[in-house]
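For reference, positions follow the sequence shown, starting with 1.
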Amino acid sequence: MKERAGILGRIDDAFNPIVVKELRQAVQGKFVATVLIVLLVIQITAIGLIIINSDDISTRFDSGRNAFMILQSIMLAICLLFVPAYTAFRLGSERSDTNVDLLFITTIKPRAIIGGKIFAALMITVLIFSACMPFMVFTYWLRGIDLPSIFVMLAFSFLVVAAAVHLATFIASIGANRVFKILLGVAALCILFPVFVSTLTFSFSLLMTGVGSRLNSWTFWGPALATVLILLTMIGLLFFMSVALITPISANRALAVRAYVMTAWLVGGVTGGVISYVNTDNTAVIVWSILSASVFFLGFFVAVSEREGLGSRVLRKIPRTTPLRLPAFFLFSGGASGVAWCCLMCVLTLIWVRLWKMSAGRGDSHLRDAMVWVGGLGLYGFCYSMTAVFLRTTLLAKWLSAKFTGLVALFLLAVGSIVPYLIGYLIFFGSPANSERTAISLLSNPFALDVDSGFRSVFLMFAGGWALIIALLNLGWFHRAIAGFRPPEAKEPVEVFSEAR
């Protein structure tokens with residue numbers, strides 16, 4: 001009996017205390033219980049109205065599918081609105097300025113805090129799904145849908161909700177004032193609405209094509225595994241970024257994030273290459289390369305928002321030998337280190353696609369397009385981020401701290417993408433369409449690389465020249481970062497002599 005109690009005690013000690021706290025408060029609180037009761041009432045009312053108002057329900061063969069789509073939209077709307085908001089509100093209140101000390105002095109690791117919050121949110125999601133599942137399975141008896149299709153749609157909806165929870169957790173982890181967090185919350189709602197519509201549209205298209213009848217073929221499992229892999233990679237990235245945001249600034253917060261991204265990049269590249277080789281099609285490699293370039297493009301804006309000087313705790317971990325210090329520079333916190341890492345990953349991605357294109361029978365126009373996107377996004381991301389660094393260090397040094405450099409870069413990106421095109425439109429208003437004028441007005445827009453394939457070289461030359469000029473202007477910024485990236489000098493040990501008297 002004592003041995004059993006000892007095993008249970010060790011299991012209880014190993015369990016994440018954040019999960020226990022969050023689930024206990026969720027179960028004891030009235031908010032979650034009220035949402036579940038309201039959801040059950042809505043589900044019962046919806047299925048009842050569907051049966052009562054459908055006079056031809058006994059003769060139609062799509063009643064079950066239509067009823068399932070209605071119930072799924074209700075469940076998905078509540079999950080995408082309630083669960084992420086509930087999780088973000090609880091974490092945001094603990095991340096506020098009044099409670100931030102409690103978050104940093106606790107002995108619980110940041111990874112356990114974020115993992116506990118997310119696990120509790122996913123358990124609430126499972127509770128909501130379990131309450132809705134009987135009504136959704138009931139639609140099978142109304143005909144037009146099969147049980148495998150129902151469970152596939154539920155699994156896909158759960159992954160979408162899990163991604164939304166991680167996005168809300170990431171936003172709540174950002175250390176900012178209340179007004180900025182409200183703006184971020186509004187932006188998240190603007191993102192979740194098209195996600196909601198896209199999920200329902202995708203689910204309806206799968207049901208129309210009879211997804212349940214294709215579970216024994218690669219035509220289903222191939223795209224399904226690719227979609228799951230992309231979603232899980234995004235979820236993992238949001239998780240590690242959330243952990244980095246609540247990690248004390250005195251630690252090397254960038255190490256875990258960059259290590260994860262490099263691992264996901266390598267696994268995705270190998271997986272995409274294998275899939276493309278087996279299917280004799282380059283789509284998987286192209287999708288991987290463009291998604292990777294998009295991540296590194298955003299990484300430039302995040303990197304320039306990092307601090308410029310490293311604390312003594314981080315400096316002590318820098319290798320003392322020069323051969324080890326060079327690769328370590330890319331994995332340590334700091335604006336220059338982050339920019340250098342993003343440049344390195346863009347170059348490696350471009351080399352990977354180039355080598356794949358040079359392989360036997362793999363050279364086609366789509367791979368060339370992918371190389372243009374990888375190179376273009378890398379150049380434009382470097383240009384806008386480093387232009388923001390130059391403006392902050394020269395003109396805005398007294399009014400703006402380093403953590404707002406990314407916002408300046410995003411503002412420059414918005415201005416550079418919209419204003420030149422508007423000016424060109426006003427100047428040439430009323431004249432016949434001219435592809436050359438259109439391309440010139442879009443030179444500063446990185447998302448217009450595909451507007452005209454004949455002007456891609458002009459876009460890349462413009463971005464390359466801009467990158468060279470802005471790199472020269474920021475040489476001092478890079479030099480200070482590289483010169484400061486060295487461990488503190490070891491102090492000579494103090495010898496104490498005792499004199500025999």
Side-chain angles (χ1 to χ4, degrees), residues 159 162-164 166-167 169-171 173-174 187-188 191 195 226-245 253-273 275 283-306 330-354 356 367 369-386 388 405-407 409-410 413 417 446-447 449-450 463 467:
L159 279 177
H166 281 76
L167 176 62
T169 304
F170 168 72
I171 293 176
S173 301
I174 298 176
I191 294 174
V195 168
T227 303
V228 171
L229 182 62
I230 293 173
L231 280 175
L232 291 179
T233 304
M234 293 174 55
I235 287 173
L237 178 60
L238 290 171
F239 173 79
F240 280 97
M241 291 175 66
S242 301
V243 172
L245 285 173
R253 303 197 294 183
L255 176 61
V257 178
R258 293 176 192 170
Y260 170 80
V261 173
M262 293 175 68
T263 303
W265 174 85
L266 182 61
V267 172
V270 173
T271 305
I275 294 176
T283 302
V285 173
I286 293 171
V287 171
W288 166 80
S289 62
I290 295 178
L291 287 178
S292 299
S294 301
V295 171
F296 304 137
F297 174 77
L298 296 175
F300 280 108
F301 299 90
V302 177
V304 294
S305 300
E306 296 186 39
F330 296 95
L331 298 176
F332 271 67
S333 298
S337 299
V339 171
W341 178 79
C342 290
C343 292
L344 175 64
M345 296 306 297
C346 287
V347 171
L348 291 178
T349 306
L350 197 61
I351 293 174
W352 190 301
V353 180
R354 178 63 178 173
W356 182 263
L367 282 174
D369 296 342
M371 293 178 63
V372 169
W373 277 106
V374 173
L377 288 177
L379 286 173
Y380 278 100
F382 177 83
C383 292
Y384 277 109
S385 60
M386 295 311 300
T405 311
L407 294 178
L410 289 175
L413 174 62
S417 301
F447 310 109
L449 287 168
D450 203 28

To the nearest 0.5 angstrom, please state how far the [atom1] atom of [X] sits from the [atom2] atom of [Y].
X: F170; Y: L245; atom1: CZ; atom2: CG; answer: 5.5 Å
X: L237; Y: L232; atom1: CG; atom2: CG; answer: 12.5 Å
X: F296; Y: C343; atom1: CZ; atom2: SG; answer: 11.5 Å
X: T271; Y: W288; atom1: OG1; atom2: CH2; answer: 10.5 Å
X: S294; Y: F447; atom1: OG; atom2: CZ; answer: 8.5 Å
X: C346; Y: F382; atom1: SG; atom2: CZ; answer: 11.0 Å

S333 (side chain) donor-acceptor with R253 (main chain) under 3.5 angstrom: yes
Backbone N/O of G334 and side chain of E306: donor-acceptor pair under 3.5 Å: yes
[X] vs [Y] side-chain heavy atoms within contact, under 4.5 Å:
X: I290; Y: I286; value: yes
X: F297; Y: L413; value: yes
X: L348; Y: M345; value: yes

Where do [X] and [Y] come nearest, in terms of heavy atoms and distance?
X: S337; Y: F332; result: CB-O, 3.3 Å
X: L350; Y: G375; result: CD1-N, 4.1 Å
X: L379; Y: A467; result: CD2-CB, 4.2 Å
X: V285; Y: G272; result: CG2-O, 3.6 Å
X: A409; Y: F301; result: CB-CD2, 3.3 Å
X: C342; Y: G299; result: SG-C, 3.5 Å

Derivation and outcome, side-chain contact (heavy atoms from CB on, under 4.5 Å), residues L159 and V228: CA-CA 8 Å; L159 279 177; V228 171; 3.8 Å; yes
Intermediate values then yes/no, side-chain contact (heavy atoms from CB on, under 4.5 Å), Y260 and T233: CA-CA 9 Å; Y260 170 80; T233 304; 4.0 Å; yes
Test of ring centre spacing under 6.0 Å for W265 and W352: yes
